[in-house]
Amino acid sequence: MQQNVYKVPAEAKSRAHIDNDRYLEMYQQSVEDPEGFWREQGQRIDWFSPYSKVKNTSFKPGDITIKWFEDGTLNACYNCVDRHLAERGDKTAIIWEGDDPSVSEEISYKQLHAEVSRFANGLKKLGVEKGDRVAIYMPMVPEAAYAMLACARIGAVHTVIFGGFSPNAIADRVNDCGVKVVITSDEGRRGGKTTPLKANVDEALKDNRCPSVEHVVVAKVTHGDVAFDEQRDIWWDQLVKDVATECQPEVMNAEDPLFILYTSGSTGKPKGVLHTTGGYMVWASMTHEYVFDYHEEDVYWCAADVGWITGHTYIVYGPLANGATTLVFEGLPTYPGVGRIGEVVDKHGVNILYTAPTAIRALMAKGTAAADTSSRKSLRTLGSVGEPINPEAWEWYYKVMGDSRCPIVDTWWQTETGGIMITPLPGATDLKPGSATRPFFGVQPALVDADGNELEGAVDGNLVIKDSWPGQSRTLWGDHERFEQTYFSAYKNLYFSGDGARRDEDDYFWITGRVDDVLNVSGHRLGTAEIESVLVEHPAISEAAVVGYPHDLKGQGIYVYLIAMSGTEVSDDLTKEVREWVRKELSPIATPDFIHWAPDLPKTRSGKIMRRILRKIAANEFENLGDTSTLADPSVVDSLIENRLNK
Ligand code: WT7
């Protein structure tokens, strides 16, 4: 196969913080002397009292310990806001671009400081104290960032819940970490449509389903009608009306929790990934600066949602820690037309654009129309995140959106890693479309076989990380055992990512995707077990098995095998109803793409569903089904194939 290589442009190299020589030198130091390297790098953020200890980490079975800068004290909000006031008080911190293209707003660091401090005082008035958990269920409006930063300011632990989640999903998350206050808005607004956020919160909390919740703060976004419980609910503007604009940031230990973010795993309910303060802030700010080659005068846009880790680290904490101008976008890349991204770039002079392959493929489907209504001449660096980017989409992004001028950083990382792990650097790394290339400083990736033996050279394997890095998740909320079980039990003394990868002859990494029962649908991470448990709650369904299959736009689609309750008549209406059920009970992002009613599922004699076979059938690969001799009833496979072909 012919392989295009894009050399570092001379211009990118000359302006960059890091060129290739510097990358190699710093990388070597970061892995040979992590103590010394991070002792120095930790200085990039402001500490109230300095750390004397740098790294205290162990991946040993029974003793998973991850502590960085553990005796230092600081405040994340202070680092994102207060420390910029002297030099950058009037600089724009946030550009808010509304769903409606005629609506935008600029918020200076001074204004950000006032908004965040007032809201922090409001939270205090509601009784929120250091260590309390606060849920944020909001659309992409500046208030979402204010709420996160206000929590950080007073030492409350936020858990942002993606605005696309259903009431049940909200209730699960709120109950798992005992949330005291929920912050939401009347409605959300995207692509010209509204979503009933407040009503979803009401539904989640009704009948005392979430007994820990004392108050719900409601921001007015659309001014739509909502039900209001005078005892429990309070309007945002009411809450901040008579409070002081000064709020002393709480002194936090480096290892005090900053936030919990729920993500899907291969089994059971979502996991509350915990990030703490010091190491996370160092990682967020350092990766933001070097990976995007961020410079002081840049306008930076990460088109993710704050409901995901990408929004936490690369819309809020990383860029604001660096005193950047960060763009918060309420809308959709295709609304009102496919030209929107380029139009927003031109409107605000965006220099750095960070988005997801799923958005890129949606635009690519319209040829070059996405570029017809804009010049995008301000763009300098492009980024990709969330799933493997196919070389065709990479080339389109490079040529059409970037006019063959802008290096693309394809950044591999995860909710659990806190920030970017494997990535090109714009001024240092020659690019190969589809490859996330090389590790960031301090990251030691390796490939292992099924038994955990490290593989050398150009080879395929399971992607593990050999030692800790400051941005790493510390634990799962309230369940350190599950943390160890999930990430450190497959391979001893190694962090297992759940991804497969290939290393090529230039030591470049190519992420091939999840090797566990986790799906990546349009960059959204979903556990098959999670979807299955919602499905079997439907009265007409007796058994369900969910697998992913290749999908042109979404990367992976959701393929659902269902066995109906005996006596149930399977009809198109029922299929439609099941689809609606998943949307409502879990989330629209989990809506099945393909529903396959089957008389039976392929199981081993011990009753275990053979997902390997289900994946092949879903992918229309009927050859090489592998060994089916251990099946209890091999004829099940033939009937599944027949059914698949008839669709
Ligand atoms: C999973 C993590 C990273 C923040 C957003 C998603 C996949 C992520 C890439 C990439 C190939 C990627 C992996 C990973 N993934 N980035 N550049 N190339 N795959 O965070 O929801 O925790 O999902 O997303 O499979 O394990 P997440």
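The structure presented is a predicted model; accordingly, all values stated were derived computationally and were not measured.
- Between the side chain of Lys13 and the backbone N or O of Val8 there is no donor-acceptor pair closer than 3.5 Å.
- Between Trp413 and Phe440, a ring centre-to-centre spacing not shorter than 6.0 Å is recorded.
- In this pair, Tyr109 and His84 present their aromatic rings perpendicular. The plane angle is above 60°, beyond the 30 to 60° band.
- Minimum heavy-atom separation, Leu327 to Glu97: CD2-CB, 4.1 Å.
- Counted by atom type alone, Ser468 and Trp68 present one or more donor-acceptor pairs between their side chains at under 3.5 Å.
- No donor-acceptor contact under 3.5 angstrom links the side chains of Ser58 and Thr65, judged on distance only.
- No donor-acceptor distance shorter than 3.5 angstrom exists from the side chain of Asp256 to the backbone of Thr277, with no hydrogens or angles considered.
- Thr355 places no side-chain N or O within donor-acceptor distance of the main-chain N or O of Ala303, the cut-off being under 3.5 Å.
- Ring pair Tyr78/Phe48 is perpendicular by interplanar angle, where above 60° counts as perpendicular and below 30° as parallel.
- Contact check for Phe483 versus Leu274: no side-chain heavy atoms found under the 4.5 Å cut-off.
- Using modelled atom types and a 3.5 Å distance limit, the side chains of Lys110 and Ser108 yield no donor-acceptor pair.
- Judged by distance alone, the side chain of Arg118 and the main-chain N or O of Glu246 form no donor-acceptor pair under 3.5 Å.
- Note that CZ of Phe119 and CE of Met148 are 13.0 Å apart. Values are rounded to the nearest 0.5 Å.
- Within a 6.0 Å sphere centred on CD of Glu296, heavy atoms belonging to other residues, nucleotides or ligands number more than 12.
- A perpendicular orientation is assigned to the rings of Phe496 and Tyr491, their planes being inclined by more than 60° (bins at 30° and 60°).
- When side chains are defined from C-beta on, Met281 counts as touching Cys80, because their heavy atoms get closer than 4.5 Å.
- For the residue pair Ser473 / Tyr487, no side-chain donor-acceptor distance below 3.5 Å is found, with atom types taken as modelled.
- Heavy atoms of other residues, nucleotides or ligands lying less than 6.0 angstrom from NZ of Lys67 number 12 at most.
- A parallel orientation is assigned to the rings of His17 and His295, their planes being inclined by less than 30° (bins at 30° and 60°).
- The pair Lys269-Asp172 does not count as a salt bridge, with every side-chain nitrogen at least 4.0 angstrom from each carboxylate oxygen.
- Closest approach of Thr486 and Arg482 over heavy atoms only: OG1-O, 2.6 Å.
- A side-chain N or O of Thr287 and one of Tyr314 form a donor-acceptor pair less than 3.5 Å apart.
- Electrostatic pairing of Arg39 and Asp33 does not count as a salt bridge here, judged by no charged N lying under 4.0 Å from a carboxylate O.
- Residue Lys466 qualifies as open at atom NZ: its count of foreign heavy atoms under 6.0 Å is 12 or below.
- A donor atom on one side chain and an acceptor atom on the other are not found under 3.5 Å apart for Tyr294 and Asn322.
- For the pair His480 (side chain) and Ile64 (backbone), a donor-acceptor distance under 3.5 Å is present.
- Rounding to the nearest 0.5 Å places CZ of Arg133 at 10.5 Å from OG1 of Thr159.
- Using the six-membered ring where Trp is involved, Trp38 and Trp283 have ring planes that are tilted, between 30° and 60° apart.
- Under a 4.0 Å N-O distance rule, the pair Glu129/Lys180 does not qualify as a salt bridge.
- Residue Ser117 comes nearest to Cys247 through the heavy atom pair O-CB, 3.7 Å, listed as atom of the first residue, atom of the second, then distance.
- Relative ring orientation between Trp236 and Tyr146 is described as tilted, the plane-to-plane angle lying within the 30° to 60° band.
- Ring pair Phe59/Phe488 is tilted by interplanar angle, where 30° to 60° counts as tilted.
- Of the N and O atoms on the side chains of Glu70 and Asn56, at least one donor lies less than 3.5 Å from an acceptor on the other residue.
- Taking the six-membered ring where the residue is Trp, His524 and Phe162 present tilted rings, their angle falling between 30° and 60°.
- A donor-acceptor pair is defined here as one N or O able to donate and one able to accept, closer than 3.5 Å; no such pair exists between the side chain of Asn79 and the backbone of Ala321.
- Ala144 and Val306 make their closest contact through CB-CG2, 4.0 Å (heavy atoms, listed as atom of the first residue, atom of the second, distance).
- Remark: side-chain polar atoms of Asn75 are paired, donor with acceptor, to backbone N or O of Glu250 under 3.5 angstrom.
- Between the side chain of Thr73 and the main chain of Ser49, a donor-acceptor pair closer than 3.5 Å is present.
- Under the 3.5 Å distance criterion, the side-chain polar atoms of Arg232 are left unmatched by any main-chain donor or acceptor of Val213.
- If you check the side chains of Gln43 and Tyr51, you find a donor sitting under 3.5 Å from an acceptor.
- Contact of the His275 side chain with the His312 side chain is not registered, since no non-hydrogen atoms from C-beta on lie closer than 4.5 Å.
- A perpendicular orientation is assigned to the rings of Trp469 and Tyr495, their planes being inclined by more than 60° (bins at 30° and 60°).
- One N or O on the side chain of Arg474 and one on the backbone of Gln472 form a donor-acceptor pair closer than 3.5 Å.
- In plain terms, the two heavy atoms of Ala147 and Ile183 that are nearest each other are CB-CD1, 3.9 Å.
- In this structure the side chain of Leu123 never reaches within 4.5 angstrom of the side chain of Asp132, judged on heavy atoms.
- Here the closest heavy-atom approach between residue Cys302 and residue Thr310 is recorded as SG-CG2, 3.7 Å.
- Both tests pass for Arg173 against the ring of Phe165: distance under 6.0 Å to the centre and angle within 45° of the axis.
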